[in-house]
Amino acid sequence: MPYFDTVDDVTRALAGYGYIADRQLATAVFVQSRLDKPLLVEGPAGVGKTELAKAVSAATGRRLLRLQCYEGQDDTKALYEWDYGKQLLYTQILREKIGQLLEDAPDLHTAIERIAQQESVFFSERFLAPRPLLEAVHSADPVVLLIDEVDRADEALEAVLLEMLADYPSAERELEILRSKKTGLPEAAAERLVHVVRGLRGLDLRKAPSISETVDWARTLAVLGTEEIAPAVLADTVSVVVKYSRDVRRALDALPSLVDPNAALADEPGHGHSHDRDHGHLHHDHGHEPDDDHDAEARAERAAKDQPGRHDDNYYGAPTPAASVGSGNRVVPAGQGSRSFGRSMARRRAL
């Protein structure tokens, strides 16, 4: 639930904790609180960036977590630290118990299996010390996460931050976005489409569907006159939201259950699992990943072309009556080579 009703509320709340914000900054904080989006604040040292985070934390009653970025920082250190000392202490304390556990083991395999069954004793979250990012994710209550000097983060940490901070909106908000774009898709179909897209994002895809691609899919279905969402029409247009051959295959496998757990794709041409042919609507071969079956057929075809004796003697035309020299199927009239050599030598002597 938003903590601020208006931009003026933000200004007054921050001022109450000693932070004087101008209209532009107060507006940015208000919008951030409504959209639940990260807020990037830039400026030289000492202008109040950190103080803003502290004031927002105090005004909203949320706990402040701070991640200080620095050059060469390991991305895992932004998430957690492993408490090796504590782990070693546990091992020393339990050494006697481990001996008792293994004393009657008949062989090495049995001993290893018994130790494996106790892995949770030595490898668990009790030895994991969460850092700000993981602590923010695991927090039961909303927090204010301050990522200080983010420009110093290396590429690995930037990737982690992008994945964490770019969360998709809720289903209700995504449906509201579709309505605002006036896609032309009926309300019930739009609701079902949002459900399907969110299901696709849960798959192990190389690239999950974005919000803009959801809008494009809705417009595509509206152009096709779709009144109800069905697996068949989604299969014909799924390449609007998934862009790689492997993703297309996985999406097509999942579509029936996403639309209706009891539904199945109709057994029609273009709705099988070979997606490198044209479906008549949208082509699913995007040239990003090779298809194993297609490659095997192509290799077999090329191998057949390389077989000796595959053509008859007249494949390149009937031979001339004159005697010929050469190899293979290409016919060379007798004397042609000697004449060419003679002309070449004559030219060289002329020079």
Side-chain angles (χ1 to χ4, degrees), residues 1-70 73 75-81 125 128-154 156-180 194 198 201-202 208 210-212 214:
M1 185 174 182
Y3 290 93
F4 308 112
D5 294 327
T6 65
V7 175
D8 291 335
D9 285 345
V10 175
T11 304
R12 286 191 292 268
L14 296 182
Y17 291 93
Y19 192 94
I20 308 303
D22 60 18
R23 183 75 180 181
Q24 184 178 11
L25 181 57
T27 301
V29 173
F30 174 75
V31 173
Q32 181 273 336
S33 68
R34 289 300 184 98
L35 299 181
D36 289 327
K37 294 292 185 180
L39 176 63
L40 177 65
V41 182
E42 294 182 294
V47 298
K49 301 186 296 296
T50 301
E51 290 303 315
L52 173 62
K54 293 179 178 179
V56 171
S57 172
T60 58
R62 296 183 176 186
R63 186 161 57 106
L64 176 64
L65 298 176
R66 180 174 181 177
L67 173 64
Q68 180 67 43
C69 298
Y70 54 87
Q73 183 178 20
D75 58 295
T76 58
K77 295 295 179 63
L79 291 166
Y80 64 88
E81 287 183 334
E125 290 193 12
L128 189 148
R131 296 282 292 145
L133 291 185
L134 187 60
E135 195 172 356
V137 171
H138 283 179
S139 177
D141 300 317
V143 300
V144 174
L145 176 61
L146 170 61
I147 304 175
D148 215 349
E149 297 188 87
V150 68
D151 55 316
R152 294 191 177 187
D154 60 13
L157 180 55
E158 285 181 356
V160 172
L161 293 175
L162 285 173
E163 186 173 353
M164 277 194 56
L165 301 178
D167 297 330
Y168 292 104
S170 64
E172 293 77 12
R173 184 167 294 170
E174 191 164 6
L175 180 59
E176 187 177 349
I177 293 173
L178 283 186
R179 293 193 192 105
S180 68
V194 168
R198 296 181 72 83
R201 292 185 187 130
S210 65
I211 304 297
S212 62
T214 304

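Across V150 and C69, no two heavy atoms sit closer than the pair CA-SG, 4.0 Å. Scanning both residues, A53 and L146, for their nearest heavy atoms gives CB-CD1, 4.0 Å. Of all heavy-atom pairs spanning P132 and L65, the tightest one is O-CD1, 3.9 Å. Between T11 and A21, the closest heavy-atom pair is CG2-O, 4.1 Å. Heavy atoms only, all atoms of each residue included: S33 and F4 are closest at OG-CD1, 3.9 Å. Minimum heavy-atom separation, L67 to R131: CD1-NH2, 4.4 Å.
In this structure, OH in Y17 is found 14.5 Å from CZ in R12, a value given to the nearest 0.5 Å. To the nearest 0.5 angstrom, L134 atom CG is 11.0 Å from S139 atom OG. Atom CZ of R179 and atom CD1 of I177 lie 11.0 Å apart (nearest 0.5 Å).
Counting heavy atoms from C-beta outward, L25 and Y19 have side chains that approach closer than 4.5 Å. With a 4.5 Å cut-off on side-chain heavy atoms, Q73 and D154 do not count as touching. Looking at L64 and L145, their side chains never come closer than 4.5 Å, going by heavy atoms from C-beta outward. Under the 4.5 Å side-chain criterion, counting only non-hydrogen atoms from C-beta, R62 is not in contact with V56. Side-chain contact between L161 and L157 is present, with heavy atoms from C-beta onward closer than 4.5 Å. The closest side-chain heavy-atom distance from L178 to V194 is below 4.5 Å. Contact annotation: the side chain of Q24 never approaches that of T27 to less than 4.5 Å [non-hydrogen atoms, C-beta and beyond].
Each of V144, V47, V41 was checked for a side-chain contact (heavy atoms from CB on, under 4.5 Å) with L52, and the lone residue meeting it is V41.
Salt bridge annotation for E158-R152: absent, with no cationic side-chain nitrogen under 4.0 angstrom from a carboxylate oxygen. A salt bridge links E51 with K54: at least one charged nitrogen is closer than 4.0 Å to a carboxylate oxygen. The pair R63-D141 does not meet the salt-bridge criterion, since no charged nitrogen lies less than 4.0 angstrom from a carboxylate oxygen. Of the charged side-chain nitrogens involved, none lies within less than 4.0 Å of a carboxylate oxygen, so that K49 and E149 do not count as a salt-bridged pair.
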Audit row: R66, T50, side-chain contact (heavy atoms from CB on, under 4.5 Å) steps and yes/no
CA-CA 9 Å; R66 180 174 181 177; T50 301; 4.0 Å; yes
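The local environment of CD in E176 is sparse, with at most 12 non-hydrogen atoms from other residues, nucleotides or ligands closer than 6.0 Å.
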